[in-house]
Amino acid sequence: MLQGHLDELASDPLAWLILLGLAGIVVWYLLSPRRANLRLVVQIAFFAAMTAALIESDISPGRFQDYRFEDTRAIFVIVAKLLWWLHLAWAIIGFVRIYLVLEGRPREARLLQDIVVGLVYLCVMLSALAFVFGVPIGTLVATSGVIAIVLGLALQNTLGDVFSGIALTLGRTYSLGDWILLADGTEGRVIASTWRSTHVLTMANNVVVLPNGVLAKLGLTNISQPDETHLLRMTVRVAPTRMPSIIEDVMQSVLAGCNSIVKEPPPQVALKGVDAVALEIELLFRVTSPSLRTQARNEVIDLFYRQCKSAGLLLAMPASAIAFMNELPTEEGARPPEITPLSLIEAIPVFSHLTKSEKELLAQSSAVREFQKGEIIAHQGQTLPSLMIIRAGIVVMRNGEQQQRRLSPGDFFGETGLLAGMGEVCTLQALTPVTVYEIDQQSFAPLLEARPAIAEKIAATLAARADDVRHLSLPTTGQERSARAILKAIRAIFRN
């Protein structure tokens with residue numbers, strides 16, 4: 001008798017339909033989501049076979065039939081219909097995943113896919129309830145509408161965040177990795193975006209979680225669009241002891257010598273106003289990323305001070321300061337500070353270990369050299385026999401056609417050639433007319449012979465600076481190797 005039931009079951013198309021449905025579920029989970037095309041083809045094949053089995057059994061999946069659950073065949077019909085509706089949903093979802101794609105907008109495509117997939121599952125669930133179990137959908141929808149209103153009021157803020165997230169995503173206000181600035185002052189890089197909130201990594205290395213509803217109401221500036229170059233403005237004040245055109249040229253030199261700012265579009269100098277106390281100037285320059293703003297400001301301030309000192313310009317009192325001055329500085333009467341070799345030597349950290357008299361000895365032995373605009377001071381690999389301290393102008397370090405760095409008043413070069421006989425790692429060229437103070441090897445030798453202990457300190461400092469320019473990767477640290485070379489050359493100097 002059992003064998004008869006088994007034979008009858010094996011000949012029933014519904015049994016094969018159920019087996020196909022279960023096999024389709026296994027295959028659905030075994031196939032990787034990355035193989036979307038193969039997954040869709042296999043799913044359509046299973047769905048077509050199940051549809052054929054339903055037609056063969058004269059069963060319509062879109063029509064409700066009153067079943068008696070005591071009847072085994074009725075249970076088979078219910079299971080078969082449920083599997084058919086499930087595979088229909090998966091077939092539709094397969095089409096959605098493949099063909100609902102927005103060109104170049106993966107984030108929006110993913111969001112729309114999720115919404116459509118959710119609607120497909122909802123429609124299939126309601127259809128299964130209506131055509132398989134005979135549930136009155138109209139009454140269910142009316143009842144669920146009341147429930148939805150209650151839940152909507154209870155989850156008002158959460159739903160507001162969700163719909164705000166959808167609006168922000170479709171509007172492409174920002175993308176992952178963008179740097180944004182909010183009206184409340186929050187600033188940072190977007191590192192995550194969910195249906196409910198957006199995560200922003202600030203410069204303080206903190207993660208700020210902003211509900212999308214709050215984010216949608218705030219004014220938002222996307223600094224990364226159209227690119228991450230960021231304009232900075234800096235206002236400086238200089239005593240009007242020179243003609244404004246001369247001061248403007250000095251400010252152009254400040255920006256031209258800065259290594260942290262973008263050269264194209266070129267930075268600008270704007271004269272904002274002048275009175276008896278100050279000439280007010282606005283410096284406008286760009287950086288490649290908002291994270292470089294502090295570095296660029298620090299460098300511009302440093303170069304502003306150095307260029308003003310080199311050009312003999314006086315810094316003005318701040319506009320908010322109240323000062324009683326018997327005599328204001330004028331172009332005719334002002335005496336700008338004199339720039340001497342000693343003042344430059346005292347400003348260089350390399351020589352901070354020297355005494356006052358030793359610095360004066362070096363200053364007295366220095367010679368003045370001048371280079372014209374565009375003149376090559378030293379070619380790459382050429383050994384300079386002297387240390388050269390820039391008094392005025394800007395020197396460019398080039399590696400082929402690429403600029404590596406710019407040197408301004410107070411910077412120096414030639415130290416590796418002077419102390420270790422090494423060639424220059426870059427070609428040195430005068431970007432503007434350049435004046436330097438030159439200190440040769442004969443001037444250094446008596447100093448190092450009198451104080452051998454100072455040699456190691458100078459060598460270590462110069463070695464670190466040289467390796468910073470060379471960017472070498474050595475088994476031992478570049479500083480150790482260069483320091484040994486410089487120390488060896490120094491000992492040879494005062495042995496001879």
Side-chain angles (χ1 to χ4, degrees), residues 241-243 246-247 249-254 256-257 302-314 334-380 382-398 405-424 426-448 458 461-462 465-466 469 493:
T241 58
R242 294 289 184 271
M243 294 184 66
I246 296 177
I247 298 177
D249 290 340
V250 175
M251 296 302 105
Q252 292 286 3
S253 298
V254 171
D302 176 66
L303 291 176
F304 170 73
Y305 177 83
R306 286 199 269 167
Q307 289 284 2
C308 286
K309 190 173 183 180
S310 173
L313 298 179
L314 301 176
R335 293 184 178 180
E338 182 181 0
I339 305 302
T340 63
L342 178 60
S343 63
L344 287 177
I345 290 174
E346 288 179 336
I348 297 176
V350 172
F351 303 120
S352 60
H353 306 292
L354 302 181
T355 64
K356 179 72 172 179
S357 59
E358 290 168 341
K359 294 176 183 177
E360 291 175 349
L361 182 62
L362 279 181
Q364 292 171 5
S365 62
S366 65
V368 178
R369 289 191 62 182
E370 295 185 348
F371 301 93
Q372 300 300 316
K373 179 180 178 180
E375 182 177 352
I376 300 296
I377 301 173
H379 290 280
Q380 187 173 7
Q382 179 181 347
T383 301
L384 290 175
S386 306
L387 176 70
M388 297 188 184
I389 306 173
I390 300 176
R391 160 67 175 80
I394 299 174
V395 175
V396 179
M397 302 176 67
R398 299 184 185 275
R405 191 177 178 186
R406 293 187 177 185
L407 306 178
S408 298
D411 289 329
F412 58 92
F413 55 90
E415 71 282 358
T416 54
L418 169 70
L419 296 177
M422 298 179 183
E424 294 296 320
C426 296
T427 297
L428 300 170
Q429 184 179 16
L431 183 66
T432 64
V434 173
T435 302
V436 300
Y437 291 128
E438 182 179 18
I439 304 176
D440 58 19
Q441 197 175 75
Q442 287 72 27
S443 302
F444 264 104
L447 173 65
L448 298 177
I458 294 179
T461 305
L462 293 180
R465 181 181 182 276
V469 176
I493 291 174

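Counting from 1, the numbers follow the sequence of the chain as shown.
Here the closest non-hydrogen pair linking Ile394 and Ala256 is CD1-CB, 3.7 Å. Between Leu384 and Ala378, the closest heavy-atom pair is CD2-CB, 3.7 Å. Nearest heavy atom pair, residue Phe413 against residue Leu407, reads CD2-CD1, 4.0 Å. Listed here is the closest heavy atom pair of Ala311 and Val250: CB-CG2, 3.8 Å. Ser408 approaches Arg306 most closely through the heavy-atom pair O-NH1, 3.8 Å.
In this structure, CG in Leu303 is found 11.0 Å from CZ in Arg406, a value given to the nearest 0.5 Å. A distance of 7.0 Å separates CD1 in Ile390 from CD1 in Ile377, rounded to the nearest 0.5 Å. Note that CD of Glu375 and CG of Leu431 are 13.5 Å apart. Values are rounded to the nearest 0.5 Å. Expressed to the nearest 0.5 Å, how far NE2 of His379 lies from OG1 of Thr427 amounts to 7.0 Å. Note that CZ of Arg391 and CD of Glu370 are 10.0 Å apart. Values are rounded to the nearest 0.5 Å. For the atom pair CZ (Arg405) and CG (Leu428), the distance works out to 11.5 Å, reported to the nearest 0.5 Å.
Annotation: side chain of Cys426 is not in contact with side chain of Arg398 (no heavy-atom distance under 4.5 Å). Contact of the Ile389 side chain with the Pro341 side chain is not registered, since no non-hydrogen atoms from C-beta on lie closer than 4.5 Å. Here the side chains of Asp249 and Met243 are not in contact, with every heavy-atom distance at 4.5 Å or above. Residues Met251 and Cys308 form a side-chain contact, since some pair of their non-hydrogen atoms from C-beta on lies under 4.5 Å apart.
Looking only at atom types and distance, the side chain of Ser253 has no donor-acceptor partner in the side chain of Gln307 under 3.5 Å away.
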Inset, instruction - Could you please spell out the steps behind the side-chain contact (heavy atoms from CB on, under 4.5 Å) verdict for Lys356 and Leu342? - result: CA-CA 9 Å; Lys356 179 72 172 179; Leu342 178 60; 4.0 Å; yes
